[in-house]
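Sequence positions, counted from 1, serve as the residue numbers for this chain. Remember, it's a predicted structure, so these values are computed and weren't measured experimentally.
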Amino acid sequence: METDGSFEVSLGGSELTGAESQRLTSVNADSVERAAEAALRPKGLGEFVGQASVCDQLSLVLEAAQGRGRVPDHVLLSGPPGLGKTTLAMIIASELGSPLRLTSGPAVQHAGDLAAILSSLEEGEVLFVDEIHRMARAAEEMLYVAMEDFRVDVVVGKGPGATAIPLEIPAFTLVGATTRSGLLPAPLRDRFGFTGHLDFYSSDDLVHVLHRSAKLLGIEATARGTEEIATRSRGTPRIANRLLRRVRDWAQVRGEGIVDQKAAKAALAVYEVDMRGLDRLDRGVLEILCTRFGGGPVGLNTLAVSVGEEPETVETVAEPFLVREGFISRTPRGRIATAAAWKHLGLNPERGDNPLPL
Ligand SMILES: Nc1ncnc2c1ncn2[C@@H]1O[C@H](COP(=O)(O)OP(=O)(O)OP(=O)(O)O)[C@@H](O)[C@H]1O
């Protein structure tokens with residue numbers, strides 16, 4: 001999750017346990033990844049590749065509000081990870097010439113956390129809440145009033161003697177991002193004046209993203225090289241940029257220093273990204289589904305436990321792409337592997353290929 005700003009990482013205590021130091025390491029790795037991403041972030045709507053209708057609708061919302069001298073309606077951005085929700089939030093603030101405050105649902109676990117953020121906003125500020133579906137219920141209710149009336153009701157005391165003191169806050173624009181809009185309660189969803197759903201990018205759009213990134217990073221890349229990376233990037237700019245950096249490594253260490261098709265193929269084989277862009281998690285999900293559960297149907301939790309991942313990771317990271325590519329269908333009885341999945345794995349459902357021991 002991109003932050004560049006006020007995401008808090010609290011490790012607690014002075015002596016680190018094994019789990020904490022592991023977490024520290026991953027925080028460090030994340031910050032390297034974040035810095036690499038930040039350098040490639042488009043700064044304005046004109047630089048933002050693809051998602052034409054969302055960008056068009058959004059620019060209307062922003063321009064009209066600016067023309068009226070008012071803050072724009074609250075914006076909800078939904079879609080799988082890495083498609084540009086944080087980037088668009090930053091662009092909204094920059095197009096409006098407003099400051100931006102970043103936080104996330106998991107960081108807002110008490111109404112007081114949110115009250116502190118809301119009461120310190122500046123007039124016209126853009127408040128970005130990533131993973132807004134993970135915000136605590138009490139904070140969510142405070143947010144309804146803040147979004148509608150630019151007011152926070154601060155509750156003083158407990159029990160029957162508790163009183164709510166209304167506190168006016170500056171007009172602001174909330175930009176909420178979610179990978180799971182279905183989990184947002186209707187009263188919260190209804191308070192957003194504009195909802196943009198970001199979809200996976202076409203290969204052509206990803207080629208465009210890659211050319212832009214290669215230029216910014218000073219990487220020499222051929223058209224065939226970027227096409228090869230684009231078709232294996234799961235329709236996701238974040239993945240395209242990450243693979244570009246890995247292919248650049250390969251080209252520098254084992255190739256001629258140029259990101260061409262040969263370098264892309266060789267590097268992506270090293271990083272276990274297959275011809276359709278499936279990575280280890282994607283293939284793990286398909287393999288377990290086909291070989292252990294005979295192609296399904298199988299429930300999400302059972303599938304996730306078998307793959308050794310959190311259900312949310314399987315549902316938000318692997319599944320949307322596998323469904324879109326026609327490898328999995330979601331039915332009321334569970335997930336089912338399609339004929340395309342069996343074929344992609346080189347297995348035959350009729351022969352009951354490669355059963356894994358239960
Ligand atoms: N339309 C785009 N054009 C060019 N680059 C893009 C575009 N969308 C995303 N990117 C690149 O992809 C990276 C990831 O985007 P971003 O962090 O905005 O995704 P996200 O949807 O907020 O992901 P998450 O849900 O994980 O927070 C950014 O660093 C940016 O460089």
Side-chain angles (χ1 to χ4, degrees), residues 2 4 33-63 75 77-95 175 177 179 196-252 255 257-268 271 273-279 282 317 320-321 324-325:
E2 264 307 294
D4 306 336
E33 190 66 18
R34 257 190 262 144
E37 277 194 358
L40 299 176
R41 240 179 238 297
K43 305 277 184 287
L45 274 178
E47 271 183 65
F48 193 85
V49 178
Q51 310 290 348
S53 73
V54 171
C55 288
D56 193 30
Q57 293 160 1
L58 194 55
S59 75
L60 270 175
V61 171
L62 301 182
E63 222 177 299
V75 173
L77 300 171
S78 67
L83 298 192
K85 298 181 293 297
T86 310
T87 306
L88 270 182
M90 291 178 168
I91 289 176
I92 290 171
S94 122
E95 299 270 333
V175 180
T179 47
H197 180 75
L198 303 190
D199 225 327
F200 288 113
Y201 289 65
S202 67
S203 281
D204 284 352
D205 282 342
L206 289 181
V207 165
H208 198 137
V209 170
L210 286 164
H211 275 297
R212 179 181 170 277
S213 303
K215 207 165 151 205
L216 287 170
L217 296 172
I219 298 174
E220 194 179 336
T222 67
R224 286 269 178 87
T226 49
E227 275 159 26
E228 190 69 40
I229 299 173
T231 53
R232 302 203 206 182
S233 298
R234 307 169 92 255
T236 307
R238 171 179 289 142
I239 297 179
N241 284 338
R242 190 184 297 151
L243 295 182
L244 174 67
R245 300 200 301 275
R246 297 296 71 81
V247 177
R248 171 185 60 182
D249 293 347
W250 191 95
Q252 181 193 323
I258 298 168
V259 169
D260 55 13
Q261 193 178 26
K262 179 177 154 218
K265 283 189 165 166
L268 297 180
Y271 290 102
V273 176
D274 74 19
M275 297 301 287
R276 295 282 296 270
L278 273 62
D279 60 17
D282 301 320
V317 179
F321 177 72
R324 189 191 87 143
E325 293 295 293

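For F200 against L83, the heavy-atom pair with the smallest separation is N-CD1, 3.8 Å. Smallest separation of non-hydrogen atoms from L77 and A89: CD1-N, 4.4 Å. T222 and Q261 get closest at one heavy-atom pair: OG1-N, 4.1 Å. The two residues V317 and P81 come nearest to each other via the heavy atoms CG2-CG, 4.4 Å. Across all their heavy atoms, S78 and H197 have their closest contact at OG-ND1, 2.9 Å. Nearest approach of G50 to Y201, heavy atoms of both residues: CA-CE2, 4.4 Å.
Shown here is R324, whose CZ atom has more than 12 heavy atoms of other residues, nucleotides or ligands within 6.0 Å. Within 6.0 Å of the NE2 atom in H208, the count of heavy atoms belonging to other residues, nucleotides or ligands does not exceed 12.
A heavy-atom distance below 4.5 Å is found between the side chains of T179 and K85. At a threshold of 4.5 Å between non-hydrogen side-chain atoms, the residues V209 and L40 do not count as touching. Using a 4.5 Å cut-off on side-chain heavy atoms (C-beta onward), L206 and T231 make no contact. With a 4.5 Å cut-off on side-chain heavy atoms, P80 and F321 do not count as touching. L60 places none of its side-chain heavy atoms less than 4.5 Å from the side chain of Q57. Considering only heavy atoms from C-beta on, D274 stays 4.5 Å or farther from R232 through its side chain.
Once rounded to the nearest 0.5 Å, the distance linking CG of L62 with SG of C55 reads 10.5 Å. Rounding to the nearest 0.5 angstrom, the gap separating the CZ atom in R245 from the CD1 atom in I219 is 9.0 Å. Taking CD1 of I258 as the start and CZ of R248 as the end, the distance is 14.5 Å to the nearest 0.5 Å. One distance of note links CD of E63 with CG of L45; it measures 10.0 Å at 0.5 Å rounding. Remark: L210 CG to N241 CG distance equals 6.5 Å, nearest 0.5 Å. With rounding to the nearest 0.5 Å, the separation of OG1 in T87 from CD1 in I92 is 11.0 Å.
When D282, L268, I229 are each tested for a side-chain contact (heavy atoms from CB on, under 4.5 Å) with V273, only one passes: L268.
Looking only at distances, no side-chain donor or acceptor of E95 sits under 3.5 Å from a matching main-chain atom of S59. Checked by atom type and distance alone, the side chain of K265 never pairs as donor or acceptor with a backbone atom of A263 at under 3.5 Å. Side chain of Q51 to backbone of D199: a donor-acceptor contact under 3.5 angstrom is found. With hydrogens and angles disregarded, no donor-acceptor distance shorter than 3.5 Å links the side chain of T226 to the backbone of V207. Side chain of S233 to backbone of T236: no donor-acceptor contact under 3.5 angstrom is found.
Comment: R224 does not engage E228 in a salt bridge, judged by the lack of any side-chain N to carboxylate O separation of less than 4.0 angstrom.
Screening residues 206-222 for salt bridge (charged side-chain N to carboxylate O under 4.0 Å, His left out), with sequence neighbours left out, gives E47-R212.
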